[in-house]
2 protein chains.
Amino acid sequence: MTLSEEDYIKIIYHLGKGEQGTVSTNAIAEKMETKPSSVSDMIKKLSEKGLVNYKKYQGVTLSEYGLKVALSIVRKHRLWEVFLVEKLEFSWDEVHEVAEQLEHIKSEKLIDMLDKHLGFPQIDPHGDPIPSKSGEFKKSIKRLLNEVPIGKEGICIGVKDSSPPFLKFLDKNKIALGDSIFVVDKEEFDGSLHIKIRDIDIRISDQIASNLYLRIIE
Amino acid sequence: MTLSEEDYIKIIYHLGKGEQGTVSTNAIAEKMETKPSSVSDMIKKLSEKGLVNYKKYQGVTLSEYGLKVALSIVRKHRLWEVFLVEKLEFSWDEVHEVAEQLEHIKSEKLIDMLDKHLGFPQIDPHGDPIPSKSGEFKKSIKRLLNEVPIGKEGICIGVKDSSPPFLKFLDKNKIALGDSIFVVDKEEFDGSLHIKIRDIDIRISDQIASNLYLRIIE
DNA sequence: ACAAATTTTTAGATTTGACTAAAATTTTTT
DNA sequence: AAAAAATTTTAGTCAAATCTAAAAATTTGT
């Protein structure tokens, strides 16, 4: 597969919202920053290779094979994002562009060992789930931290209250977007939480927890 | 720079043995696994871009700028090789092909942070020196381990004695090609060595040390 | 030194992925 | 249900990087 073909497959996957949706030529052209006529050409090629189902003027869907390819690219992209954030100190908003390049590296062993090196993560720094080698992955949902069940882990993806005092609190406690938070325990009495973040245990009030959005799995 | 241009520059660098040597069209064609006529075309293009000095029928040399580009590619390649061996458990002979792809990823921050993550290594798993960000690097030389000065470190690049008992000894002591060995101390009395390998201290006899080749820096 | 062999370059064709302009099809509006 | 609008495809070019075949320059051998 060429680099360009991989980009098309990935974009068709995302526009099709994971699977079934049929995708229009124009939509692809916009995402690829190219012209619809170029897209037509490429679709024809992908169709001949069995990666997409295509009937003229009717839009495309990924074939079973195409979906498999798409998931393997998404897997690579998200694993590299985890690597950049966890190992190379990138922040969650700097990783996309580089992961976009890294996702095209071809080596099965590389990805297997990277996965292992990272401890088989299930979520990337934006909270999106990482497909397994065989292409399965859990659905992720958005939850306020105080609604996350004990024993679950999620990625911090946003705040409800964006007032300066709250943001300052987060900063002081080194809680940032993209951080992974594990809910260790919850105090019945006042709803305060015992969480683990970057391997450090801290305690936070219900008031804080009810203003932080996490993305969790399952 | 396109991927192909980068490959040409790197090959001209290696064929020119680091700098001055003028390189023939045929030699480049062979390394690139392409035809001399294709090389002529590309050389013309690289020349127009100021990357090489070129006079028809007279071979090419890298320009100052081209050398800088070459060194940055070599730097990336060797840093990735260290990463693959040290962090992802690749063996020294599996890294080349993957590093060949990774060296083309474009992100200054990525390389800076990778360098930091790896502890600013000076040698890659084959014992070759890693150019600094500004393009400087130390010359490396091949030495028998028993001739390496105390306090120096080198990469294991080969054996003098390849008899089964010796190789079995190396295997038992987890000494493999590509491993980094640091000479902690040397016993005057019998010439035995105290070395550090993979963060473990071990003691080896002069007999062993005089059959292992290291590549060291300076 | 000059003919033969080798190396290098030029000329013209090919492939990939993109482009423009125009034609074909589908969708929307009236 | 036609006309208008939007979308999609086709046809014909283009640029990058390659190729083959043939011409030009250099090097080698005697």
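All chains are named by letter (A, B, ...) in the order of the sequence lines, taking the proteins before the strands, and each is independently numbered beginning at 1.
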Worksheet item: Does B:Lys152 have any side-chain hydrogen bond (donor to acceptor under 3.5 Å, both in side chains) partners at least two apart in sequence or in another chain, and if so, which?
Response: B:Glu218
Worksheet entry | Nucleic acid contacts of residues 31-42 of chain B, taken as heavy-atom distances under 4.0 Å to DNA chain D | B:Thr34, B:Lys35, B:Ser37, B:Ser38, B:Asp41
Response to the item:
In whole angstroms, the gap separating P of C:dT6 from CD of B:Glu30 amounts to 15 Å
Worksheet item: What's the shortest heavy-atom distance between A:Leu144 and A:Ser210, and which atoms?
Response: CD2-O, 3.5 Å
Worksheet item: Taking all atoms of both residues into account, what is the closest heavy-atom pair of B:Pro125 and B:Val85, and its distance?
Response: CG-CG2, 3.5 Å
Worksheet item: Under the 3.5 angstrom rule, does the side chain of B:Thr34 hit a backbone N or O of B:Ser38 as a donor-acceptor pair?
Response: no
Item to complete: Calculate the interatomic distance between A:Met1 atom CE and C:dT16 atom P; express it in whole Å.
Response: 14 Å
Discussion item. What is the distance, to the nearest angstrom, from the CD atom on A:Glu6 to the P atom on C:dT16?
Written reply: 16 Å
Worksheet item: If you find the nucleotide of DNA chain C closest to A:Gln58 and the one closest to B:Tyr57, which residue's nucleotide is nearer the 5' end?
Response: B:Tyr57
Practice prompt. Begin from the C-alpha positions of B:Ile105 and A:Leu102 and carry the test side-chain contact (heavy atoms from CB on, under 4.5 Å) through to its verdict.
Written response: CA-CA 7 Å; B:Ile105 305 290; A:Leu102 287 163; 3.9 Å; yes
Worksheet item: For the residue pair A:Ala70 and A:Tyr13, what are the closest heavy atoms and their distance?
Response: CB-CB, 3.6 Å
Worksheet, complete the sentence: To the nearest angstrom, the NZ-C1' distance between A:Lys56 and C:dT27 comes to 19 Å
